[in-house]
Number of protein chains: 4
Amino acid sequence: MVKTLIGVVGSGLEDPELDAIAFEVGALIAREGKVLVNGGLGGVMKASARGCKDKGGTTIGILPGLDPEEANPYIDIPIATGLGEMRNLIIVRAASVLIAIGGSYGTLSEIALALKTSKPVIGINTWDISPQIIKAAGPADAVKTALGIIGT
Amino acid sequence: MVKTLIGVVGSGLEDPELDAIAFEVGALIAREGKVLVNGGLGGVMKASARGCKDKGGTTIGILPGLDPEEANPYIDIPIATGLGEMRNLIIVRAASVLIAIGGSYGTLSEIALALKTSKPVIGINTWDISPQIIKAAGPADAVKTALGIIGT
Amino acid sequence: MVKTLIGVVGSGLEDPELDAIAFEVGALIAREGKVLVNGGLGGVMKASARGCKDKGGTTIGILPGLDPEEANPYIDIPIATGLGEMRNLIIVRAASVLIAIGGSYGTLSEIALALKTSKPVIGINTWDISPQIIKAAGPADAVKTALGIIGT
Amino acid sequence: MVKTLIGVVGSGLEDPELDAIAFEVGALIAREGKVLVNGGLGGVMKASARGCKDKGGTTIGILPGLDPEEANPYIDIPIATGLGEMRNLIIVRAASVLIAIGGSYGTLSEIALALKTSKPVIGINTWDISPQIIKAAGPADAVKTALGIIGT
């Protein structure tokens, strides 16, 4: 059976509050036996991967550059794409559902591309640009909603 | 001397008001001797290309699919990419400056990717998601601002 | 009516003999009213664009980097993709037919991707790796064959 | 420590002899604790993934389409790219070294893109188009050579 990938997108900058949320989201994804895919760098990407590894989960980092060492230390599988910001759409396409946590323009591009291509987006403290973004109260609510969408 | 490309992004759906604006923007780009690049399909893409051709300009359509015939009839040069929505970032990268007119999630992805990669964005009745989007009062203002940015 | 693009692929290194062939191919494409698309850099790309401009034709350069100034001076329309060597497949997809002149591994990747996706390839002194490559005796033969394939 | 990905490329068509080689290559990659990345579909891609899973390894499939279910049943992590044949270069970029087994034009494009971007290629019964392809006598020789290149 194909493993379902849950995408976690958010800012690459450190932010204690958002990183704590991302850590918990990653941990819950691992506990549910799902695979985490993100952009493989810092901030929300690093914190969510750390949370996922903390519970023994699997983490995939879709990197903008060509060097797998660019991945944060909590990424199991670095996918070096060399696509720059275009790798954002690979994350959107690879994930069955996206959880957006905070974030700036890169995250906004991921949300927009997801909505454009009818990929479900769950948001925690993120861009409030569409009623199609399913607002979650916190990590547990977000992951529960994601599982409901995936149908498992 | 390399020709400067001005990108025009916006909804693919017909909208008389926005299409009239897009037509005028295209016409002004042609009058200034610049090349228009857009997504090659309908709505703002079609209207801006029609305006540009009306004044003898050159139009480039970066298409999501593999068939050049998919381009609207006002596209001189169809670039069939087969990238789907990922072609949005090719438009952003190819253009020296973007003019966004109205638009939905596809346009929002283009604006976000432009802001993320420090490409200037001029907006007419479009997503109001950042002070970095330079608001234009209308077609003349938008094209004048674009020329100012390009430095010609 | 959508303009048909003819792709010209070959080495980026200067080579007097191949460059003379590429110049003539570009000139003939212009004389037939077709648009030339290539990778926008040196060697065969530069020589074919120079030949095309010499006869008043239109040239499109699909660039690997992000800087349109990277294009050789005979490119009318630079499309900066930031895709690196992945831009090779954009050339293959955008062209209705490919003419391969000499070339090294980059050219080989273009030939292989063309054959894989059933895009016709005409070869002059190029990789002899498939009977599906239509061998041309020289520029006139190559462009004539290309026009026959396009059906005009 | 970042896991090293070994790419296995080859024909998507079933071929008992090549599939047996691919199975063994996949098994040896797993035994060495490396991760296998390939195109996720049939033939050599399926056989190598099956061999890798047989020894408890991890398999990544970089898919051309948008549907993760398109992956063969031995792929742990499907990465749906929607890039078509352009996904071949993602495989080349993600892998630290490529092992090519037989193969047709798709494989040839991967070999060419690897050589163009200085990614080492080890070949078993594959395209004989360059002395830069390191010929391997069989699966054990190929994986041993790959490990030597990776430096572990």
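Please read all numbers here as calculations on a predicted model, not as lab measurements. Quick note on labels: first sequence line is chain A, next is B, and so on, each numbered from 1.
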Give, as side chain, backbone, both or neither, the part of C/L5 having an atom under 4.5 angstrom from any heavy atom of chain B. side chain
Name the one of B/V37, B/D76, B/V35 that satisfies side chain to side chain contact (heavy atoms under 4.5 Å, CB included) with C/I77? B/V35
Do the non-hydrogen side-chain atoms of [X] and [Y] ever get within less than 4.5 Å of each other?
X	Y	value
C/T117	B/L66	no
B/T58	C/T58	no
B/R93	C/T81	no

With a cut-off of 6.0 Å (strictly less than), are more than 12 heavy atoms of other residues, nucleotides or ligands near NZ of C/K119? yes
What do you reckon, is NZ of C/K53 surrounded by more than 12 foreign heavy atoms closer than 6.0 Å? yes
Go through C/A80, C/G61, C/S96 and name the one with the most non-hydrogen pairs under 4.5 angstrom from chain B. C/A80
Output the distance between atom CD1 (C/I62) and atom CD1 (B/I79), rounded to the nearest 0.5 Å. 4.0 Å
